[in-house]
Amino acid sequence: MSDIIFELQDVHYSYPGKFPALCGVDMTIRSGEKIAVIGANGTGKSTLLQLLDGLIFPHHGQVRAFGELLRENSQVDENAAHRFRRRVGLVFQNADIQLFCPSVREDIAFGPLQLGVAEEEVRRRILEVAQVLDIRHLLERVPHQLSIGEKRRVAIASVLAIDPDVYLFDEPTAGLDPLTVRHIIDFIVNANQRGKTIITATHDLHIIGEIADMVYVFGQNKRIIMGEPPDSVLNDRSFLEINNLVHIHRHHHDGREHVHQHLP
Amino acid sequence: MSNALNKKRNFIERSILSALAFLKDATLSEEYANRKGFLQSLDPRLKTVSFLAFLVTAISLKSAVLIGSLYGFCFILAIFSRIPVRHFLIRTLLFIPLFSLFMVLPTLFSIVTPGEPVCSFHVLGLNGIITRPGLDGAVLFVVRIATSVSLVVLLSLTTRHSELLKVLRVLGVPQLFVLTVSMCFRYLYLFATMVENIFTAIKSRVGVVSHHRHGQNVVAWNLANTWNRTTQMSEEVYMAMLSRGYTGEPRLLKVFHATLKDWVWLCCAVIICAGLFYRGQIL
């Protein structure tokens, strides 16, 4: 049981003045696992990642991280907060939110510097992660001048520089060109092979076979309605269709319109 | 409907879009700062200190000729820093010195500044006499303004804004303040683009011709929408900062490296300023 990283029990969360975002989520995540969280829009995937990252806290139920209860009070203590932040990193869906510094270099340096890493070591890490993600030529650039794909890679670099044990990815491949998607999938797979725990929220069914060993499906009731390996989830076409997870394509063949589902 | 009427009706949109375009061009474009020129190659800290010295010199000197020579030096620096001459002259000579000229116009005349007459004229039954002290004072004021503006513009054109802000840290400004202003700059571009996109989206749906009252409604709605989105984004950015270990006391990277060339430049700047002060006392 010692390899359990996150343990969620009957977690409920509602945004102020809005409908509930999570309604009774139970989940256990172990060290080194590769997990995908899928579901239609508004089913609570991003909320789950923010809970796991200790940015918001459940209104009911509990989240345990590394054996300790994750509470707002525990994040007030700087040492405890830093211990947690060194182990868990979140790549936000909107890279513009994550890249708030005036240059790419400073954005990558921000996390390690806040966590007390020595400046020389930070400089070494900047070059290392820039090499890994092929963004050395972007280091002096201003984030607003970057393309979406470049921003996403820099956002990943800003978390990679912290070198956490757990990576949380929120829609890492949304809106990206195929080559950048490939690079990000490779990064996730390599990180997992190095022993990192990966939790990815995504709509993209094409990638879950590669980025996950276990897939949790969130339903419109804001709860986990299925937790199976990728093949089992992808083969259950009626389930995917009911839960709005199937890509439907419309083509013209020989002058006739043809509509079909599209699955990997 | 005439073009003139269309223009009148879309004046709000045109004004906002022009203001945003100016904002992006004037404050956020780093085209010249990224060029490989002389001033761009200098350490931002020492460059800023040297320009502050030039600025103090321009403000303190009482000779238009000496201040003019400083402007000439500034112009040469602009050329060596690969700033297009036309762009530099438009930015430095057109508006602010022209505006200052209008400000000092009354001081040319004997009513405000009595003294030796240089020329006189008769317009609409009024006698106007321009005096030597008035003319000298006006020329000194305009040259001083033009030189000061040129120095500031040259510094901002050849230095990335993020570096200029970091120089504030060297001058003892708290890191939190520097980080906050840096983030304002960072998101200014994003929101300027967002407002532009909103206008484009509105135009794509309602066309370019709209009644001015409708235009006012659109602007009010746009303001409210932008406010909501900025508030939401500020919360999300704060979360992103927390997520990477921010606890209220920012730690930022020290990125400056002064070389021998930078120190030589600073010495030259001090010598030039001292020389100008010395000449100013003799004249």
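Basis for what follows: all heavy atoms, side chains included, without hydrogens, waters or symmetry-related copies. Each chain gets a letter, A, B and so on, in the order the sequences are listed, and its residues count up from 1.
Between chain A and the residues A240(B), S243(B), S234(B), the largest count of heavy-atom pairs under 4.5 Å involves S243(B).
Heavy-atom distances place the side chain of I126(A), and not its backbone, under 4.5 Å from chain B. Interface remark: L90(A) contributes backbone and side-chain atoms alike to the contact with chain B (heavy atom separation under 4.5 Å). Within the 4.5 angstrom heavy-atom criterion, atoms from both the backbone and the side chain of F100(A) approach chain B. Q50(A) touches chain B through its side chain: at least one heavy atom from C-beta onward sits under 4.5 Å away, while N, CA, C and O do not. Neither the backbone nor the side chain of Y238(B) comes within contact range of chain A, judged by heavy atoms closer than 4.5 Å.
By the 30° and 60° cut-offs, the orientation of the rings of H59(A) relative to Y13(A) is parallel. By the 30° and 60° cut-offs, the orientation of the rings of F187(A) relative to F169(A) is perpendicular.
R64(A) forms no cation-pi arrangement with F6(A), by the criterion of a distance under 6.0 Å to the ring centre and an angle within 45° of the ring axis.
Residues D163(A) and R86(A) are not paired through a salt bridge, judged by the lack of any N-O separation under 4.0 Å between the basic side chain and the carboxylate.
Just one of L139(A), L113(A), L133(A), L99(A) meets the side chain to side chain contact (heavy atoms under 4.5 Å, CB included) condition when paired with I108(A); it is L139(A).
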